[in-house]
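These notes concern the structure reproduced below.
For this chain, numbers begin at 1 and follow the sequence in order. Remember, it's a predicted structure, so these values are computed and weren't measured experimentally.
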Amino acid sequence: MSGKPTHGLSYTPEYRAWQTMRLRCTAPTNSAYANYGGRGITVCERWLESPENFIADMGLKPSPAHELDREDNDKGYSPENFRWVTRTVNDRNRRSNRLLTHAGETLPLSEWAERHSLPRDTLLKRVDGGWDVSVAILTPVRSKASKGQGKTKKYACPTCGVRETAVMRCIVCSNKSRAHAQIKETP
């Protein structure tokens, strides 16, 4: 038999994941090499030249939405440090994530925001603004007026004392003054 042996895996998603993993760790010409092979991330010997061994150890992708992930970003690709995960889990396992510790638990900022129903940017601005992490996480967000309306303020009508929103006089007094103005204008 001449040439390389065929394994029949070339067009599978697992083979593409294996090939991408291998190239970013071993090929200096690969655009991702600096973040992988360039900083010492390796592929275990068993997987380096064999997509069959990779698939035998890790199995098929659970779904098209799953990706390669290393549990510990400072260790290489091996059966002990590898898992198939969704994009969300993979994104939360990046070196560049901002990790916050609250109540003895350390999680990415985005996960704390999601758990406590806070906008991510609000939590980020609070922490960057010097807030204590626990206070930043546990303080609820103020409610906003709908459809871009400004916040309404309550005023007491100077004529009768009734409290109204966003007007200087209550509707009854406003209507009375309009009626008086109309009467004065009529000859």
Side-chain angles (χ1 to χ4, degrees), residues 6-129 131-144 146 148:
T6 58
H7 41 64
L9 300 171
S10 296
Y11 298 102
T12 65
E14 294 77 19
Y15 179 83
R16 284 190 295 280
W18 170 80
Q19 181 75 325
T20 304
M21 167 191 69
R22 197 173 63 86
L23 289 174
R24 64 182 166 217
C25 293
T26 61
T29 56
N30 187 284
S31 62
Y33 180 81
N35 291 318
Y36 291 87
R39 65 180 197 96
I41 303 301
T42 60
V43 177
C44 71
E45 287 296 321
R46 179 169 161 74
W47 292 356
L48 197 55
E49 297 299 327
S50 174
E52 297 97 332
N53 288 344
F54 170 74
I55 293 171
D57 290 346
M58 300 319 302
L60 301 177
K61 286 175 73 170
S63 79
H66 281 74
E67 306 175 342
L68 293 174
D69 183 51
R70 289 171 291 123
E71 291 186 49
D72 183 342
N73 283 325
D74 294 323
K75 294 182 180 175
Y77 289 96
S78 66
E80 302 80 35
N81 193 41
F82 175 85
R83 60 188 177 173
W84 292 111
V85 296
T86 60
R87 167 63 77 180
T88 302
V89 174
N90 202 354
D91 285 348
R92 290 183 178 169
N93 192 31
R94 293 176 186 255
R95 289 183 295 142
S96 60
N97 274 339
R98 179 91 172 259
L99 299 177
L100 302 177
T101 302
H102 165 68
E105 190 175 11
T106 302
L107 296 170
L109 182 139
S110 57
E111 192 163 344
W112 282 119
E114 185 179 293
R115 279 188 180 189
H116 292 273
S117 301
L118 296 169
R120 182 192 169 284
D121 289 342
T122 298
L123 183 54
L124 179 63
K125 286 178 183 175
R126 287 175 176 181
V127 173
D128 285 349
W131 287 40
D132 175 72
V133 172
S134 295
V135 173
I137 290 171
L138 297 176
T139 303
V141 177
R142 292 182 299 172
S143 60
K144 292 183 179 180
S146 64

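Closest non-hydrogen pair, Pro119 versus Val141, comes out as CD-CG2, 3.6 Å. Across every non-hydrogen atom of Glu105 and Arg115, the tightest pair is OE1-NH1, 3.1 Å. Considering all non-hydrogen atoms of both residues, Trp84 and Leu60 come closest at NE1-O, 3.9 Å. Closest approach of Asp91 to Asn97, counting heavy atoms only: O-ND2, 2.9 Å. Scanning both residues, Pro108 and Arg92, for their nearest heavy atoms gives CG-O, 3.4 Å.
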| request: With salt bridge (charged side-chain N to carboxylate O under 4.0 Å, His left out) as the test, would you mind laying out the steps for Asp74 and Arg39 before giving the verdict? | output: CA-CA 9 Å; Asp74 294 323; Arg39 65 180 197 96; 3.3 Å; yes

| task | Verify salt bridge (charged side-chain N to carboxylate O under 4.0 Å, His left out) between Lys125 and Asp121, making sure each step is shown before the conclusion. | result | CA-CA 6 Å; Lys125 286 178 183 175; Asp121 289 342; 5.9 Å; no

| query | Would Phe54 and Phe82 count as a ring pair (Phe, Tyr, Trp, His ring centres under 6.0 Å) if you check the C-alpha gap in whole Å, the side-chain angles of each, and the deciding distance to 0.1 Å? | reply | CA-CA 10 Å; Phe54 170 74; Phe82 175 85; 5.5 Å; yes

| task | Report the C-alpha distance between Thr86 and Glu67 in whole Å, list the side-chain angles of each, state the deciding distance to 0.1 Å, and finish with yes or no for side-chain contact (heavy atoms from CB on, under 4.5 Å). | result | CA-CA 6 Å; Thr86 60; Glu67 306 175 342; over 6 Å; no

| request: Could you walk me through whether His116 and Leu123 pass side-chain contact (heavy atoms from CB on, under 4.5 Å), step by step? | output: CA-CA 10 Å; His116 292 273; Leu123 183 54; over 6 Å; no

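Atom-to-atom distance recorded for Glu14:CD and His66:NE2 is 12.0 Å, nearest 0.5 angstrom. Rounding to the nearest 0.5 Å places CD1 of Ile41 at 11.0 Å from OH of Tyr33. Taking CD1 of Ile137 as the start and OG1 of Thr101 as the end, the distance is 9.0 Å to the nearest 0.5 Å. Taken to the nearest 0.5 Å, the CD atom of Glu71 stands 10.5 Å off from the CD atom of Glu80. A distance of 12.0 Å separates CG in Asp132 from CZ in Arg126, rounded to the nearest 0.5 Å. To the nearest 0.5 Å, atom CG of residue Leu138 and atom CH2 of residue Trp131 are 11.0 Å apart.
Side-chain N or O atoms of Arg46 include none that pairs as donor or acceptor with a backbone N or O of Pro79 at under 3.5 Å. Of the possible polar contacts, none joining the Asn93 side chain to the Asn73 backbone as a donor-acceptor pair under 3.5 Å is found. The closest donor-acceptor contact from the side chain of Trp18 to the backbone of Asn53 lies at 3.5 Å or more, if one exists at all. In this structure a side-chain-to-backbone donor-acceptor pair under 3.5 Å is missing from Asn30 to Cys25. Here the side chain of Asn90 pairs no donor or acceptor atom with the backbone of Val85 at under 3.5 angstrom. Remark: the backbone N or O of Lys75 is paired with a side-chain donor or acceptor of Arg70 at under 3.5 angstrom.
Side chain to side chain, Tyr77 and Arg24 meet the donor-acceptor criterion of an N or O pair below 3.5 Å. Between the side chains of Gln19 and Arg16, no donor N or O sits under 3.5 Å from an acceptor N or O.
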